[in-house]
Amino acid sequence: MSPSRVTRREFLQSTAVAGTGAAIARVTPGLWGQVTPAGAAAPPSVWASKTMRWAQLTLVEDDPAHFDPAFWFDYFKRTRSDGVCLSGGGCVAYYPTQIPFQHRSAWLGERDVLGELVWGCRKLGMSVLIRTDPHATYDDAKAAHPDWIAVEANGEPRRHWSSPEMWVTCALGPYNFEFMTAVHKEIMAGYRPDGIFMNRWDGSGDCYCVHCKENFKAAMGLDLPRTTDPHDPERRVFLEWRRQRLVEVIDVWNGAIRAINPESSVIPNNGSGALSPLNAIETSRRAPMLAADRQARHGLAAPWLVGKSAKEYRATMGDKPVIGLFGIGLEEQYRWKDSVTSNAEIRIWALDAVANGMRPWFTKFSATLHDDRWLKEIEDIYVWTEKNQHYLADRRPLARVGLVYSQQTAWYYGAKVEDYALGWYQALVESRIPFEMVHDRLLDAEHLAAYKTLILPNLACLSDAQCDQLRAFVSKGGSIIATQETSLYDELGTKRRNFGLADVFGVDWTGKVQGPMLNSYIRLEHEALPGSAFFAGLEDAPRIINGVSRLEVTQREKFAETPFTLIPSYPDLPMEKVYPRVPRTDISCLYLRRPAGRVAYFPFDIDRTFWEILCGDHLKVLRNTVLWANDEAPVVEVDGPGLLDVTAWKNPGSITVHLVNLTNPMAMKGPYRDFFPVGPHTVRLHLPADVQAKRARLLATDKVVAMDRSATVLSVTVPSILDHEVVAIEI
Ligand SMILES: [Zn+2]
């Protein structure tokens with residue numbers, strides 16, 4: 001296999017990373033989207049856009065001997081599933097493959113189980129994806145093709161960590177580029193599915209095989225780095241090269257299957273958000289739909305996490321379908337893959353996915369049922385979504401606030417950046433402010449057109465070009481809220497001497513950092529700013545706790561309003577010594593400007609501290625700052641008790657407000673045992689005067705309700721919310 005279809009020179013120019021032997025130098029910064037070879041944008045796809053409810057049957061090797069296909073066809077019918085993903089090949093083939101070294105299920109015999117399932121599902125009118133998994137193979141493949149196997153840093157071939165009779169394959173060499181291409185062609189020619197869903201296709205750790213060595217050397221002129229430190233310049237070159245290589249393999253697979261079925265597509269299973277190592281923009285461009293593989297909560301995780309995935313995928317997928325791939329079991333590190341969690345937990349997870357714009361996709365590992373307690377719950381959820389499909393299809397979010405996330409900051413500054421985003425996410429959910437996620441490589445005017453306010457949660461790594469885009473957004477009346485080290489590094493994590501956005505913030509960094517700051521506070525300047533909107537809910541609070549880490553900055557100008565000032569740390573022991581040494585300073589904790597849009601800059605980690613401590617005072621400051629920055633009537637306001645995830649949508653026939661009731665003692669650590677109804681709530685929508693509202697319905701309780709309309713405000717009362725409610729205004 002030739003190492004790359006991109007020349008080294010093109011690669012260097014397009015990725016802003018230059019490698020010449022050991023010497024690494026910066027070249028002209030470039031944005032993603034220029035990185036990859038032309039070609040391969042997803043074709044228009046009827047099957048992807050029409051399919052609303054997916055089912056996945058992930059076969060295990062002995063299923064052919066035990067499972068009952070008729071049961072599953074009946075269940076797909078009962079759940080109104082109109083799309084299915086069926087296991088086909090890769091590490092185990094469920095059909096009589098002719099590809100050497102593709103292992104047939106030892107329980108297959110003379111059957112074609114895949115064919116039986118595809119035929120049955122097509123008879124039901126379902127869209128069909130066939131799943132392959134290339135991440136592991138067997139001794140015979142290794143003996144004939146030792147170069148297919150991933151290699152450890154010490155030169156040893158890599159055994160599978162869980163199935164020790166198997167070997168882990170290299171994702172960047174001929175196993176994926178040639179063997180799996182042959183598998184995909186055979187499956188496409190034999191069964192003509194709508195697409196091939198690829199599981200674990202992007203490798204299992206760093207590989208030091210002969211192909212990785214030679215291809216990296218040929219492409220970049222470097223030996224494979226032996227460090228995993230993302231701050232190492234050669235490691236960065238390697239990470240960019242690997243991302244590029246994985247995009248290339250998608251293109252190879254798409255080219256092969258589209259030669260047989262032009263409407264088809266590879267659907268790569270990949271993570272979302274800042275922490276994903278893959279190039280989200282390029283994978284999104286190549287697929288007509290993507291499935292966000294967030295099967296369940298684990299550890300300490302908020303129930304809105306699945307909604308966050310929806311927003312992240314939508315940021316790079318635009319109007320293309322985003323599918324919420326969820327499981328039915330406990331998703332913990334001990335991997336009880338045949339487990340079944342509580343029905344309440346399945347339900348809240350699926351409902352929050354739907355509320356955030358996903359189409360549901362349940363996945364069942366093993367077609368042999370070990371525990372059937374989940375069946376009825378999925379059926380209920382799916383039947384409800386089918387019944388209300390015309391409210392769920394073709395919807396666009398009405399959010400005016402964008403929470404920006406940055407893969408490059410996670411890659412080159414550190415995964416810690418996620419805690420800042422999670423703080424904002426929690427604050428926005430608690431504040432019931434509808435919002436979307438925005439990818440930092442898509443800050444052009446077109447992608448930002450819907451937004452009034454962008455939040456930059458310690459978005460440390462921003463290129464000069466990205467800073468210019470944000471500057472342009474503010475100059476056209478957009479508002480930004482930024483925290484701590486936002487723009488203090490370039491797109492490759494090289495520290496600047498000052499913020500890239502210093503002129504926008506109105507402050508310069510002195511080069512000093514304070515922290516961790518213990519026992520430090522923020523003074524509310526009620527005397528200077530009586531009744532300030534920043535003090536809403538804090539009218540009786542003279543001071544609140546500070547954050548933990550702070551940059552020292554100097555002001556470029558005199559700020560018109562300084563609502564919060566610093567009370568520096570003072571001793572916290574012995575108790576006799578715990579009294580403020582300096583009760584008041586003129587050091588601002590929030591810099592506010594109104595150049596055209598509004599700018600709010602916190603020089604400290606209020607968002608990260610909020611995620612760690614969840615202090616209600618910080619919540620109020622964050623909420624008040626968003627309302628100040630947005631400076632317009634909110635799209636939707638919800639009054640009433642509890643913790644709700646609120647999203648607002650418009651489609652050709654309706655405006656919908658989803659209210660997911662997250663109020664639960666297990667809200668931050670699953671699984672839910674039960675639901676606790678909250679209410680009543682008043683939902684107020686601010687509508688343009690020319691939008692006619694015909695009728696209001698509550699879709700969960702399934703009834704028409706009264707609405708109260710003034711010129712631009714429409715109010716509906718929701719008496720009680722058990723798990724969720726959807727206010728649908730037919731227009
Ligand atoms: Zn390799």
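Just so you know, ligand 1 is whichever comes first in the structure, and atom 1 is the first atom listed for that ligand. Residues: numbered from 1 along the sequence shown. FYI, side chains are in, hydrogens and waters are out, and symmetry mates aren't considered; it's all heavy atoms of this structure.
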For Phe216 together with Phe238, are the ring centres under 6.0 Å from each other?
yes

For the rings on His145 and Tyr175, is their centre-to-centre separation under 6.0 Å?
no

Evaluate whether atom NZ of Lys185 has more than 12 neighbouring non-hydrogen atoms of other residues, nucleotides or ligands under 6.0 angstrom away.
no

What one should report as the nearest heavy-atom pair of Thr137 and Phe101 is OG1-O, 4.5 Å

With the Zn ion (ligand 1) at the centre, find the angle made by SG from Cys207 and SG from Cys170, to 10°.
110°

Quick one: angle Cys212 SG - the Zn ion (ligand 1) - Cys209 SG, to the nearest 10°?
110°

Measure from the Zn ion (ligand 1) to each N, O or S atom of His211 and report whether any distance is below 2.8 Å.
no

